[in-house]
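In what follows, residues are counted from 1 in the order of the sequence shown.
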Amino acid sequence: MRFRTSTVFTSLVLAASARAGFPSEALPRVAVGDVIGGNAAVLVRPAAGTGTVLIEVARDAAFTSIISQQSIVVDNALLPGKIFLSGLDLGVPHFVRVTDGKKVRTATFTTGAAMIGVNAAPAGLRFGVTGDWRGDVGIYNAILNADERALDYFVKLGDTIYADVASPAVPVPQATTLDEYRAKHVENYQPTHGIDPWGELAASTATFSMIDDHEVTNDFDGGAFDAVTGWYNQGSLYVNGLQAFVEHNAIVPSTWPTLGDPRVDGRPNLYRSFQWGRDAATFMVDARSFRDASLPPVANPFDPAQVGAFIQASFNPTRTMLGYPQLGLLLQDLQRAEAAGVTWKFVMTSMPMQNFGPLAGEDRWEGYAAERAYLLSQIVALGIRNVVFVTADFHGTIVNDITVPNPANPTQQLFTGMFEIITGSVAYSAPAGPTFAQLGLSTGAISAAQYAFYQSLPNAGKDAFIAQVLDGVISGYGYSPTGIQDPSINAQFVVGGPVAAHHYGWTEFDVDAQSKALTITTYGVDWYSPAEAAADPDAIIARPITVRQQIVLDPVGGFCASDLNADGTVNGADLSIIFAAWGPCAGACSADIDGNGVVDADDLGTVLGAWGDC
């Protein structure tokens with residue numbers, strides 16, 4: 001059983017005093033990722049960039065039961081080393097120790113993630129998500145508390161570098177060579193100003209990583225085809241960018257098999273899915289590599305003719321966002337998760353799913369409306385419940401319903417029972433709030449007097465102001481305003497409102513072991529510019545991390561913990577599982593209903609009390 005600190009608090013002061021907890025000299029980098037079904041990738045980089053490192057993996061923190069021991073040589077400072085593990089016991093903690101001369105760093109991870117349909121984790125889940133961080137902004141103090149949150153895993157959801165923005169390591173407007181892309185990743189993960197946020201986070205839990213566009217270049221469309229240059233995802237920028245991304249993240253490399261689709265065959269396969277007990281399933285979706293060319297942008301989002309033409313073109317059923325093999329696999333895995341009795345389904349996609357209007361909509365799911373509508377309608381038709389789209393790219397946190405047009409009346413939007421939370425950024429200047437305010441001023445959505453009033457507000461007030469501006473714009477297109485309006489979703493904001501867009505930060509998802517209620521908490525620091533970071537980094541690091549938004553949601557359809565085999569009925573089959581597991585639990589144990597580490601009379605009583613259909 002895990003013991004965790006409460007998520008309900010409003011401030012964590014991680015100022016200069018907290019820096020005493022960080023090493024005075026650089027340690028080797030170690031990260032463990034793609035921990036699914038007893039497999040894992042371990043990434044290491046010596047403190048000096050090159051050297052020989054010893055990697056040990058054990059089942060205990062004292063390393064008395066070492067199960068793997070490998071020594072590797074890293075001879076390129078731009079290329080970390082990796083080893084791959086398999087056959088790990090499921091549902092239990094593991095420990096990694098990296099020895100780099102006299103420098104030693106340890107990491108821990110839990111093998112709770114299994115293939116969809118396999119229950120390998122104890123009840124209760126907590127994980128983190130963020131995206132979007134630039135090397136020229138740096139510091140990354142917004143995630144300084146993440147390693148203290150007892151996370152089961154952490155998702156890096158795109159724009160993990162900005163290859164198309166000059167930074168100290170690569171002072172050119174666009175990385176092009178493989179080594180330039182590699183240097184961008186080294187820059188973004190190295191310690192800075194006496195702190196090591198990414199290093200500490202990676203040492204505390206497993207990670208899962210996904211691209212957006214800036215790992216390659218701004219707004220690229222991997223499935224775009226040119227008669228002269230061919231498929232974009234076979235060009236040098238994509239090939240170099242993807243190779244560096246896989247090299248610098250703890251990813252198990254994979255490629256798509258030959259399926260008769262030239263945009264997909266043999267290309268990097270970043271799609272992954274896994275189940276964490278019966279609490280949740282996570283689906284990592286690559287929304288960049290196979291998408292058709294984007295539609296032309298709308299020059300005037302208030303011109304009905306331009307808007308109408310854009311919407312009509314976006315519903316072209318021959319255009320794809322995910323590529324058809326990935327789309328089919330996602331729907332198949334979602335259906336399998338529902339059949340396995342998994343409560344929450346988290347779809348990780350690097351750009352927003354909900355519609356915000358045609359301005360820049362060509363790059364979002366909004367520009368691929370036919371496939372969007374198909375995916376959402378299939379989720380509804382298949383009875384897949386409690387689907388949450390977790391996205392990034394907006395550089396702020398926004399919670400919103402996900403709606404689809406009514407086929408009988410396309411001007412009417414229908415609720416789907418799904419919602420979205422946009423998370424991030426770790427460090428992108430400026431974040432969504434100031435950017436939206438400037439955009440509103442330039443387009444006439446707000447007046448100069450309103451903009452001056454916005455500037456006078458504290459950040460919480462600015463968040464509320466931006467929510468009103470967004471609601472005014474998106475409601476004008478007939479879309480649902482920010483927040484949860486869907487009557488089928490039982491949600492309550494505990495801290496803040498639906499928009500938190502004046503900070504750098506990350507978002508935590510916590511599924512209660514008993515009730516399966518989902519608490520989503522966004523942590524952040526007040527945003528800062530690259531100039532402010534360069535002028536006084538100590539003052540930036542001293543900024544407190546606070547809770548910017550918190551929302552609590554109940555699962556739809558409830559949860560039947562006593563239905564141990566997920567057949568919809570509590571009966572003799574479940575009773576047999578109780579008796580077969582009687583006694584102390586080691587690792588994942590679905591029969592331990594109350595999560596006390598033992599299958600006993602209390603669990604038996606719970607099953608008998610729930611006898612019958614769920």
Side-chain angles (χ1 to χ4, degrees), residues 1-2 4 7 36 90-91 110 112-129 151-153 155 208 273-284 330-348 376 379-380 382-390 399 402 416-421 484 486 488-492 507-521 551-570 574 577 588-595 603 606-607 610 613-614:
M1 184 177 181
R2 293 168 294 179
R4 291 168 163 170
T7 62
I36 304 174
L90 297 180
T110 299
M115 303 301 291
I116 302 295
V118 177
N119 181 4
L125 169 65
R126 182 183 291 174
F127 67 91
V129 185
L151 302 175
D152 292 304
Y153 55 90
V155 176
F208 294 90
S273 64
F274 57 90
Q275 177 176 326
W276 194 277
R278 291 178 61 195
D279 289 331
T282 298
F283 310 86
M284 303 287 296
L330 172 60
L331 281 170
Q332 174 184 306
D333 284 347
L334 280 164
Q335 191 172 13
R336 290 172 59 215
E338 180 69 26
V342 174
T343 303
W344 294 98
K345 295 91 179 171
F346 298 101
V347 181
M348 306 284 171
L376 297 175
I379 291 173
V380 173
L382 292 169
I384 302 169
R385 301 169 298 174
N386 301 309
V387 176
V388 182
F389 281 85
V390 184
V399 176
I402 292 178
T416 62
M418 293 170 259
F419 74 96
E420 169 179 77
I421 177 166
I484 304 295
D486 189 332
S488 72
I489 301 175
N490 184 10
Q492 179 182 2
T507 300
E508 175 183 283
F509 298 76
D510 193 305
V511 180
D512 184 79
Q514 301 301 317
S515 69
K516 308 307 172 187
L518 172 64
T519 301
I520 305 176
T521 306
I551 182 172
V552 179
L553 305 105
D554 293 323
V556 174
F559 175 73
C560 193
S562 299
D563 179 19
L564 302 179
N565 63 353
D567 66 354
T569 303
V570 180
D574 304 298
I577 293 173
C589 187
S590 62
D592 179 21
I593 298 172
D594 60 8
D603 303 303
T606 300
V607 168
D613 291 337
C614 280

Legend entry - Partner residues of F283 under the ring-ring contact (aromatic ring centres under 6.0 Å, His included) criterion, sequence neighbours left out: none

Legend entry - S273: partners by side chain to side chain donor-acceptor pair (under 3.5 Å), with sequence neighbours left out: D333

Inset, instruction - Specify the closest pair of heavy atoms between Q335 and L382, including all atoms of both residues, with the distance to one decimal. - result: NE2-CD2, 3.5 Å

Legend entry - Within-4.5 Å side-chain heavy-atom neighbours: L331 and I379: yes

Inset, instruction - Considering non-hydrogen atoms only, spot the tightest contact between F389 and M418 and give its length. - result: CE1-SD, 3.7 Å

Inset, instruction - Kindly say whether the aromatic ring centers of F274 and F208 come within a distance under 6.0 Å. - result: yes

Inset, instruction - Check A491 against I551 and note the closest heavy-atom contact, atom names and distance. - result: CB-CD1, 3.9 Å

Legend entry - Student check: side-chain heavy atoms of L334 and V347 closer than 4.5 Å: yes

Inset, instruction - Considering only NZ, NE, NH1 and NH2 on the basic side and carboxylate oxygens on the acidic side, decide whether D510 and R126 come within less than 4.0 Å. - result: yes

Legend entry - Heavy-atom pair of closest approach, residues T110 and W276: O-CH2, 4.0 Å

Inset, instruction - Check whether any side-chain heavy atom of I520 sits under 4.5 Å from a side-chain heavy atom of T507, and report yes or no. - result: yes

Inset, instruction - Find out whether V390 and F509 are in side-chain contact, i.e. whether some heavy atom of one side chain is under 4.5 Å from a heavy atom of the other. - result: yes

Inset, instruction - Please examine the side chains of T282 and Y153, heavy atoms only from C-beta on, and report whether any two atoms are closer than 4.5 Å. - result: yes

Legend entry - Within-4.5 Å side-chain heavy-atom neighbours: F419 and D486: no

Inset, instruction - Identify the heavy atoms of G112 and A121 that sit nearest to each other, and give their distance. - result: O-CB, 3.5 Å

Inset, instruction - Indicate the atoms forming the closest heavy-atom contact of T343 with P555, along with that distance. - result: CG2-CB, 3.6 Å

Inset, instruction - Examine distances only and state if a side-chain atom of N386 and a backbone atom of V556 form a donor-acceptor pair shorter than 3.5 Å. - result: yes

